[in-house]
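When a ligand or atom number is given, it counts from 1 through the structure's own listing order. On a predicted model such as this, the values are computed, not experimentally measured, just so you know. Position 1 is the first residue of the sequence; numbering continues from there.
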Amino acid sequence: MRQLIERDLAVNWHPYSQMKLSQPIPIIKGEGAYLFAEDGKKYLDMVSSWWVSIHGHANPTIARAVFNQLNTLEQVIFAGFTHQPAILLSERLLDLLPANQQKVFYSDNGSTAVEVALKMCLQLGHNQGRAKHKILAFKEGYHGDTFGAMSVSERGQWTSPFSDKLFDVIFIDPPSTLNLEQTKALIREHAEDIACLIYEPLIQGAGGMLMHSAEDLSDLMAFCRSKVILLVQDEVFVGFGRTGTLFAADQLSIAPDVMCFSKGLTGGTMAMGITTCTNEIYQAFYSDEKQKALFHGHSFTASPIGCAAALASLEILLSADCQQQLDSIHKKHLAFLDKLMLHPKVQQPRLIGTVLAFEYHTAEQDGYFHSRQEFLYQEFLKRNIIMRPLGNTIYLVPPYCIKEEDLEYVYDMILEVLDR
Ligand SMILES: *Cc1c(COP(=O)(O)O)cnc(C)c1O
């Protein structure tokens, strides 16, 4: 594989874009929580390969479902036609979501699931003859890399080349730091013109695994609802068990109007996106007037293979074994958190479900913004662990199938790296 890599054609892998010299690690096989490299090394995938492989790699149940689907129907145009896996998945998913979620819109990744949600909310007012133009979003949020998704995400180095092309958004503090009274005043001022609030519930993933309480988020959601602002809940990262419940929605006292899913949806097997919505929203698009339709269709919309993978992944997720694993990972994280609390280099240790995170802090690093990221990444790699710190935030997002002894090994190695 070396010669192939040296041709340097597929360059997405540069771990941190400025690291021109770093070489990717060729991976030839995956199994459960492990990834096997060409040189014989075996790595523990503690980021579930960018948070998607919730059941680990090469899961045989999902593989069988995909194989059977490939032999039956691999793809069909999803306009004017439909197929059984898409219908079954819609039914299965809606059964598990808050009762107000009644329609499913398929696309093919997390960013497009968000684009669809934003278009739904903006076009809704348009269809009803009272268009609203503003969108509310959380600071330090992340919703994807397409233009709409970038617009509602935290702006930074990575969006600055496009800043004049991104639409206006009212950014508010996330619930953990928000002054509710001040924010309510700001929302009240623009309420008539705000189409929706988009947010990552409970955990802002890419922003640094920032966590907030379900109560604080629910309070804000309730206020927005009272102002007829639609609630768009981006569960692309947290959906499918990550926060300890099937969906973050299960911990909130208000049901959202629109929900976005991807990442764990297919157990990390296929790229797929889903946006669900209420019947009220759907009705505003269902019309004899053609221009009221939501014109958004991707070539691989509702891929039968993706749907088959998602159905299999859901079955595994709902099994008693997997639910038991979620619980046991959480309890082990909790015990490790007690140890971390006492460590002088650890700040803000935090935990929701199977996501554990903390800030790495040393006195000498003051003034060197994010300077430890590459160091930490390499130290864990040397110990056969894949972890990708976000700045100085060290986090664990393990596949649910991880073994107890592997988790213990990772905890030990974290303490060892901290003591270096
Ligand atoms: C990853 C992510 C997205 C974007 O999903 P992609 O499939 O990478 O486009 C959107 N929202 C959240 C919360 C995410 O974590």
Side-chain angles (χ1 to χ4, degrees), residues 12-13 15 17 47-54 105-121 135-156 158-159 162 166 169 171 174-176 196-212 217 231-243 247-249 251-252 256 258-276 296 298-303 306 309-310 313 352-355 357 388-391 393 395-397:
N12 304 54
W13 44 256
S17 57
V47 291
S48 296
S49 281
W50 250 340
W51 322 341
V52 303
S53 308
I54 56 174
F105 194 102
Y106 285 99
S107 61
D108 49 19
N109 62 69
S111 304
T112 56
V114 166
E115 295 290 329
V116 169
L118 297 174
K119 281 173 143 184
M120 268 182 190
C121 294
I135 290 178
L136 281 175
F138 288 164
K139 290 176 189 161
E140 302 189 86
Y142 178 75
H143 300 284
D145 286 344
T146 51
F147 275 84
M150 272 198 291
S151 296
V152 294
S153 300
E154 174 77 33
R155 310 289 171 89
W158 50 92
T159 58
F162 320 106
L166 303 180
V169 168
F171 287 103
S176 50
C196 63
L197 165 69
I198 181 164
Y199 53 94
E200 292 163 90
L202 305 184
I203 308 176
Q204 293 184 287
M209 297 297 157
L210 307 172
M211 301 183 183
H212 52 254
L217 177 59
L231 301 168
V232 178
Q233 191 154 307
D234 178 353
E235 295 223 16
V236 168
F237 166 46
V238 296
F240 304 99
R242 207 31 98 184
T243 63
F247 300 100
Q251 298 178 43
L252 302 171
V258 178
M259 297 179 78
C260 305
F261 305 96
S262 186
K263 294 209 164 109
L265 169 62
T266 64
T269 310
M270 306 284 304
M272 186 151 94
I274 282 184
T275 310
T276 63
H296 189 114
H298 293 283
S299 315
F300 286 96
T301 289
S303 144
S313 175
I352 293 182
T354 57
V355 183
R388 286 182 104 243
L390 294 154
T393 305
Y395 72 88
L396 297 178
V397 173

Checklist line | Lys263 side chain near Phe240 side chain, heavy-atom distance below 4.5 Å | finding: no

Margin query: Any heavy-atom pair between the side chains of Phe105 and His296 that's under 4.5 Å?
Written below: yes

Margin query: Show the nearest heavy-atom pair for residues Met259 and Pro256, with the distance to one decimal.
Written below: CG-CG, 3.5 Å

I'd like a table of the close N/O pairs between ligand 1 and the protein (anything under 3.5 Å), one pair per line with both atom names and the distance.
{"residue": "ligand 1", "atom": "7 (O)", "partner": "Gly110", "partner atom": "N", "Å": "2.8"}
{"residue": "ligand 1", "atom": "9 (O)", "partner": "Asn109", "partner atom": "OD1", "Å": "3.3"}
{"residue": "ligand 1", "atom": "9 (O)", "partner": "Ser111", "partner atom": "N", "Å": "2.9"}
{"residue": "ligand 1", "atom": "9 (O)", "partner": "Ser111", "partner atom": "OG", "Å": "2.5"}
{"residue": "ligand 1", "atom": "11 (N)", "partner": "Asp234", "partner atom": "OD1", "Å": "3.4"}
{"residue": "ligand 1", "atom": "11 (N)", "partner": "Asp234", "partner atom": "OD2", "Å": "2.7"}
{"residue": "ligand 1", "atom": "15 (O)", "partner": "Lys263", "partner atom": "NZ", "Å": "2.7"}

Check: Short question: side chain of Gln204, backbone of Lys139 - any donor-acceptor pair under 3.5 Å?
Finding: yes

Next item on the list: Could I get the full list of side chain to side chain contact (heavy atoms under 4.5 Å, CB included) partners for Ala113, not counting sequence neighbours?
Entry: Ser107, Cys260, Thr275

Note to self: In terms of relative ring orientation, are Phe237 and Trp51 parallel, tilted or perpendicular, with 30° and 60° separating the classes?
What the structure shows: tilted

